[in-house]
J.: 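Here it is, the structure in full.
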Amino acid sequence: MAFIHGFLCGMLVFAVSVSAQRDDELAYADKVEDLCQGRPPNEYFRLTTEGDCRDVVRCDRAGIAGTIRLASVKCPSGLAFDLERQTCDWKASVNNCDRLSKPRLAKPNLHTVEPVCPDGQLQCGSGECIAREFFCNSRDDCQDGSDENVCRGDEDPNKSDVCNPAECFLPDCFCSADGTSAPGIAEGVLEIANVPMMITINFNGAVNDDNMRELYNKLFHIERINPNGCTAKGTFFVSHKYTNYSAVQELHRKGHEIGVFSITNDEDPKYWTDGSYDTWLAEMAGDRLIIERFANITDGTVVGVRAPYLLVGGNEQFNMMTDQFFAYDSSISAPLSSVPIWPYTLHYRMPHKCHGNAQNCPSRSHPIWEMPINELDRRDDPEFDENLTGCHLVSSCSNIYHKDQFRQLLQHNFDRHYGTNKAPLSLSFDPSWLLANTGFNDVIDDWMTHVLSTYTDVYFVTELQVIQWMQNPTSTASLRDFAEWKENCAVQGQPHCRLPNACPLETRELPGETHRLHTCLDCPKNYPWIQDPTGDGFSF
């Protein structure tokens, strides 16, 4: 009898324990549901502000029977997780360790089971209905401001339409359903075998004497000839600080393309992604004004933009570019795929997803060319290695340490493009990366020689030359006489000046700093900066 009593007591304790455990699990599940309600599945957040700021979680909706679970991530030692940028960074650079999550913005009710507003209107998060066209007009028309919180990518209720080839015609407009079609193919004008393989070598940042001497003159010399008899060309997206404008003038004289990369190169990501029209105007139009003035470029060819850190500024950036007659942007990366993306105009919706953390791609229609940066496949052995995320800039391929790896990266990605749809291969570099990795400049030099000696349909051209070919698709057999590529074909002769003025200058915008401005022209009064790009002391 005592045994039975003890057994029943034990079972009762066990049942209570199981019940309590189940209650805890249900309570935890309810808490997870509350934490994840309305939260995007790719947004990381903290469960506590205590500790070293390295631990974050996200809502994973792939649990058993569709339940939500928390997937955790921990930054490496010495780093902290930046909620705004959604990435690990040096702890000194992260200023939101005291917050649990990104600010939750009010959202409108765009998708309801039954219509709640009259035709042509949409419901704000605060309940009232406003006209569709009031959404994303840079003014808070909803009481809670929710009409301005759905303006990125596919969220925008006024986003541009998908590609319509029946209404998109070259030379001004180009699109295809998935972005992989070359111009002239669908119309039967060309076959893919007759399309040239175009390679664009791009450099971002300041142009200085070291870059010119050790890199640019090495890669783009007078004997490196494309199949049409013209020298290989590159594109240089120039930032202002530390740039030698006499060197920029020499690059332009030799037929290379000069684009803009901003004045300040500000390190705050939100400065660019959330930047106003006026911010982009001052940075990019101001940078062009500085370049044209102090490098004496007067032919109107500075028409390309690349955003610092490839942080796109959404519709504000592209509205500014349209008003200021910029022709193209080259800041948007296309995710790694089996078939790369051809450049396209932004009259219609982008043919690929907006790639990257917290990116702000344009959602509206803009008469601007986009020269996408197709991500590179960085695997050492693409036949056997596991899949790795792609890298947009060559200098951002973090697993490339040795010269043979670098050569394999260049050749494999060339083969991917050449063997599929011949979409232009964008090879973008921070010049300091090539110089810091001993022998890498020799690798790309040898590889360029190998490509031009092996293939008769491969051209090293500028971004603008790619657009010129796309506007007038021409077979490789006729490219020797392609007029748009013959300008500044093989320039020789002496630089405009061998001893530029080295102007020691200051500006009230950078107190206590003296910078040297190298230019073949006369020295300005002040060091040019964002409010005074001419250096004359006048506000921009």
J.: So, the side chain of Trp342 versus the backbone of Asn421: is there a donor-acceptor pair under 3.5 Å, distance only?
T.: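 Here the side-chain-to-backbone pair exists.
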
J.: Please enumerate all residues that pass side-chain hydrogen bond (donor to acceptor under 3.5 Å, both in side chains) together with Ser365, with sequence neighbours excluded.
T.: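 Testing Ser365 for side-chain hydrogen bond (donor to acceptor under 3.5 Å, both in side chains), a comparison that skips the adjacent residues, returns none.
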
J.: Check whether Asn501 reaches the backbone of Leu521 with its side chain - one donor and one acceptor, N or O, closer than 3.5 Å.
T.: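 Yes, the answer is positive, given that a donor and an acceptor are paired below the 3.5 Å cut-off.
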
J.: Would you say the ring centers of Tyr459 and Trp485 fall short of 6.0 Å from each other?
T.: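 Distance test on ring centres: under 6.0 Å, yes.
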
J.: Which residue pairs pass the salt bridge (Lys or Arg N to Asp or Glu O under 4.0 Å) test when at least one of the two sits in residues 439-449, sequence neighbours left out?
T.: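 For residues 439-449, and leaving out neighbouring residues, the salt bridge (Lys or Arg N to Asp or Glu O under 4.0 Å) pairs sorted by first residue read Lys218-Asp442, Arg224-Asp445.
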
J.: Which pair of non-hydrogen atoms, one from Ser262 and one from Trp272, has the smallest distance, and what is that distance?
T.: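 Reported closest heavy-atom pair: CB-CH2, 3.6 Å.
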
J.: By salt bridge (charged side-chain N to carboxylate O under 4.0 Å, His left out), which residues pair with Arg364, not counting sequence neighbours?
T.: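 Per chain and number, Arg364 pairs via salt bridge (charged side-chain N to carboxylate O under 4.0 Å, His left out) with Asp156.
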
J.: Is there a side-chain contact between His240 and His515 (heavy atoms, below 4.5 Å)?
T.: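 No, too far: nothing below the 4.5 Å cut-off.
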
J.: Look at the aromatic rings of Phe220 and Phe236 and report parallel, tilted or perpendicular, splitting at 30° and 60°.
T.: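 Because their plane-to-plane angle is over 60°, the rings of Phe220 and Phe236 count as perpendicular.
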
J.: Of all residues at least two apart in sequence or in a different chain, which pass the salt bridge (charged side-chain N to carboxylate O under 4.0 Å, His left out) check with Arg416?
T.: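 Per chain and number, Arg416 pairs via salt bridge (charged side-chain N to carboxylate O under 4.0 Å, His left out) with no residue.
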
J.: Side-chain donor-acceptor pairs under 3.5 Å in residues 333-340, sequence neighbours left out?
T.:
{"from": "Ser337", "atom 1": "OG", "to": "Val339", "atom 2": "O", "distance (Å)": "2.8"}

J.: Sequence neighbours left out, what pairs pass ring pair (Phe, Tyr, Trp, His ring centres under 6.0 Å) with at least one residue falling in residues 491-514?
T.: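 Pairs touching residues 491-514 that pass the test: none.
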
J.: Take Asp274 and Arg152, measure what salt bridge (Lys or Arg N to Asp or Glu O under 4.0 Å) needs, and give me the verdict at the end.
T.: CA-CA 11 Å; Asp274 295 346; Arg152 296 193 178 191; 2.7 Å; yes

J.: Provide the full list of salt bridge (Lys or Arg N to Asp or Glu O under 4.0 Å) pairs with a residue in residues 198-213, sequence neighbours left out, each pair given once.
T.: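 Sorted pair list: Asp210-Arg213.
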
J.: What residues, two or more places apart in sequence or in another chain, satisfy salt bridge (charged side-chain N to carboxylate O under 4.0 Å, His left out) together with Lys159?
T.: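 Checked Lys159 against salt bridge (charged side-chain N to carboxylate O under 4.0 Å, His left out); zero matches.
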
J.: Per the salt bridge (Lys or Arg N to Asp or Glu O under 4.0 Å) rule, what does the pair list look like for residues 295-319, sequence neighbours excluded?
T.: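 Output for this query is empty, none listed.
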
J.: Tell me the ring pair (Phe, Tyr, Trp, His ring centres under 6.0 Å) pairs involving residues 281-337, sequence neighbours left out?
T.: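 Output for this query lists Phe318-His366.
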
J.: Strictly by salt bridge (Lys or Arg N to Asp or Glu O under 4.0 Å), give each pair with a member in residues 179-194 just once, sequence neighbours left out.
T.: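 Sorted result for residues 179-194: empty, none.
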
J.: Hey, does the side chain of Ser330 reach the backbone of Met371 with a donor-acceptor pair shorter than 3.5 angstrom?
T.: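 Yes: the side chain of Ser330 pairs with the backbone of Met371.
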
J.: Take the angle between the ring planes of His352 and Tyr344 and call it parallel below 30°, perpendicular above 60°, tilted in between.
T.: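 If you compare the ring of His352 with that of Tyr344, the planes turn out perpendicular.
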
J.: Tell me every residue that passes salt bridge (charged side-chain N to carboxylate O under 4.0 Å, His left out) with Asp457, counting only those two or more places apart in sequence or in another chain.
T.: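 So Asp457 forms a salt bridge (charged side-chain N to carboxylate O under 4.0 Å, His left out) with Lys422.
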
J.: Distance-only, no hydrogens or angles: does the Asp532 side chain make a donor-acceptor pair with backbone N or O of Asp536 under 3.5 Å?
T.: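 Answer holds: yes.
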
J.: Counting N and O atoms only, with roles assigned by atom type, does the side chain of Glu214 sit under 3.5 Å from a partner on the main chain of Leu435, one being a donor and the other an acceptor?
T.: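 Judged by distance alone, no pair lies under 3.5 Å.
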
J.: For the pair Cys175/Cys163, is the SG to SG distance below 2.5 Å?
T.: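 Cystine link detected, SG atoms below the 2.5 Å cut.
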
J.: Check whether Asn208 reaches the backbone of Asn244 with its side chain - one donor and one acceptor, N or O, closer than 3.5 Å.
T.: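 No, because the side chain of Asn208 does not come within donor-acceptor range (under 3.5 Å) of the backbone of Asn244.
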
J.: With under 30° as parallel and over 60° as perpendicular, where do the rings of Tyr418 and Phe414 fit, or are they tilted in between?
T.: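 Geometry flag for Phe414 against Tyr418: parallel rings.
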
